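Just below is one structure, and these are the notes that go with it.
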2 protein chains.
Amino acid sequence: MPEKDDGLCQQICDHPEVVDVVRQSMPQDGAQEELAQLFKVLGDQTRVKILNALCRSELCVCDLVSVLGMNQSAVSHQLRVLRDTRIVRSRKQGKNVLYSLDDRHIAELIRIGFEHVQEGRR
Amino acid sequence: MPEKDDGLCQQICDHPEVVDVVRQSMPQDGAQEELAQLFKVLGDQTRVKILNALCRSELCVCDLVSVLGMNQSAVSHQLRVLRDTRIVRSRKQGKNVLYSLDDRHIAELIRIGFEHVQEGRR
DNA sequence: TTATCGTATGAACAGGTGATCATATGTAGG
DNA sequence: CCTACATATGATCACCTGTTCATACGATAA
């Protein structure tokens, strides 16, 4: 019995047009690698905490150390990672270095991310 | 010379009110950990590629293997990670398993992420 | 200058991660 | 039943990551 209805997927596998369309509309490898790199840097609890703090106020390193309750060295190392990825920016003021979010996208990614995880808690 | 103007940060460090406000308005540790976990899962090139493909169409595993040009085992392993994190969902159809994005947040995170990395290319 | 404070950095080590290989499970057809 | 196909899973291993410790750098004040 030729129950053809059984599968979009059969058709895709047998007639790979859809696969071809998807493959050809995929972003370039380089862009996808950069995107993965961005998310990878966001994907660490210490860095998430730093960014959440910077969402609220520009802060110097010792402030972040105080807020996070962590080793100064650990915070500095992570700030370097965030700076190198252009997720935060820094400016000097006297002995201190003040950090802030680099651009509006970062706060938005965090906001949407929270929306997603909070929906999951239902 | 009491040049008091030299620093917001001095004031913050000496008078930790701002730090306290920030600390008290921080999300709970659990929520931040979940957020970091979400980004961590998004922060891998193979998984980013899978999600970009699923942004375009619901696809079965063999389609994804074809689009990504990767080992079936590697793809299945990553799909499991994505499923466990509720980033994708799956449904069975005959011999195949069709995967799709779990909810609208995922596509939006990818879109905003791309916006950010593309601004960086200027 | 010297001392001190704020920050950055290098080394080292433990723990985690992703690809591969081999194999298992499950489903449909003959 | 047996076979073929689609997918999932466990083990292994090379590689990467985050924290800590020690220390260096740079700016300010005495």
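Values below: all heavy atoms of this structure, side chains included; hydrogens, waters and symmetry mates excluded. Predicted, not measured: the structure shown is a model, and the values here were computed from it. Each chain gets a letter, A, B and so on, in the order its sequence line appears, and its residues count up from 1.
Stacking between A:His77 and the base of D:dT19 is absent under the criterion of ring centres within 5.5 Å and planes under 30 degrees.
At the phosphate of D:dG26, neither OP1 nor OP2 sits under 4.0 Å from any side-chain N or O atom of A:Lys95. At C:dA19, none of the side-chain N or O atoms of B:Asn71 fall inside 4.0 Å of OP1 or OP2 (strictly under the cut-off). A:Asn96 has no side-chain polar atom (N or O) that falls below the 4.0 Å cut-off from OP1 or OP2 of C:dC5. In this model, the phosphate group of D:dG18 is approached by a side-chain N or O of A:Arg47 to a distance below 4.0 Å at OP1 or OP2. The shortest distance between the side-chain N/O atoms of B:Tyr99 and the OP1/OP2 oxygens of D:dA6 is not below 4.0 Å.
Atom CG in A:Asp84 sits about 11 Å away from atom P in C:dA8, given to the nearest Å. For the pair A:Leu82 CG and D:dG18 P, the interatomic distance rounds to 10 Å; values are reported in whole Å. Atom CD1 of B:Ile50 and atom P of C:dG18 are 11 Å apart (whole Å). Put simply, NZ on A:Lys40 is 15 Å from P on D:dC15, counting in whole angstrom units. The distance from atom CZ of B:Arg91 to atom P of D:dA6 is 17 Å, rounded to the nearest whole Å. For the pair A:Leu64 CG and C:dG6 P, the interatomic distance rounds to 14 Å; values are reported in whole Å. What separates CD of A:Gln45 from P of D:dT19 is a distance of 9 Å, to the nearest Å. The distance from atom CG of A:Asp63 to atom C1' of C:dT7 is 13 Å, rounded to the nearest whole Å.
Here the side chain of B:Asp44 is nearest to one of C:dG18, C:dT7, D:dA6, namely C:dG18. Residue B:Ser73 has its side chain nearest to D:dT9 when only D:dT19, D:dT9, C:dT27 are considered. Residue A:Thr46 has its side chain nearest to D:dT19 when only C:dG10, D:dT19, D:dG26 are considered. Here the side chain of B:Arg83 is nearest to one of D:dT7, D:dG26, D:dT9, namely D:dT9. Considering only side-chain atoms of B:Ala74, the nucleotide from D:dT7, C:dA19, C:dA28 that sits closest is C:dA19.
Nucleotides of DNA chain C nearest to B:Gln78 and B:Gln72 differ in position, and the one nearer the 5' end is that of B:Gln78. Between A:Gln37 and B:Arg80, the residue whose closest nucleotide on DNA chain D is further toward the 5' end is B:Arg80.
Salt bridge absent: A:Asp103 and A:Arg89 never bring a charged side-chain N and a carboxylate O closer than 4.0 Å. A salt bridge is defined here as a Lys NZ or Arg NE, NH1 or NH2 lying under 4.0 Å from an Asp or Glu carboxylate O, and B:Arg104 with A:Glu119 meets this definition.
Sorted pairs that involve residues 66-78 of chain A and meet salt bridge (charged side-chain N to carboxylate O under 4.0 Å, His left out), not counting sequence neighbours, are lacking altogether.
In terms of heavy-atom proximity, B:Ala53 sits nearest to B:Leu64 at CB-CD2, 3.9 Å.
A side-chain N or O of B:Arg23 and one of A:Ser66 form a donor-acceptor pair less than 3.5 Å apart. No side-chain donor from either of B:Gln78 and B:Asp44 sits under 3.5 Å from a side-chain acceptor of the other.
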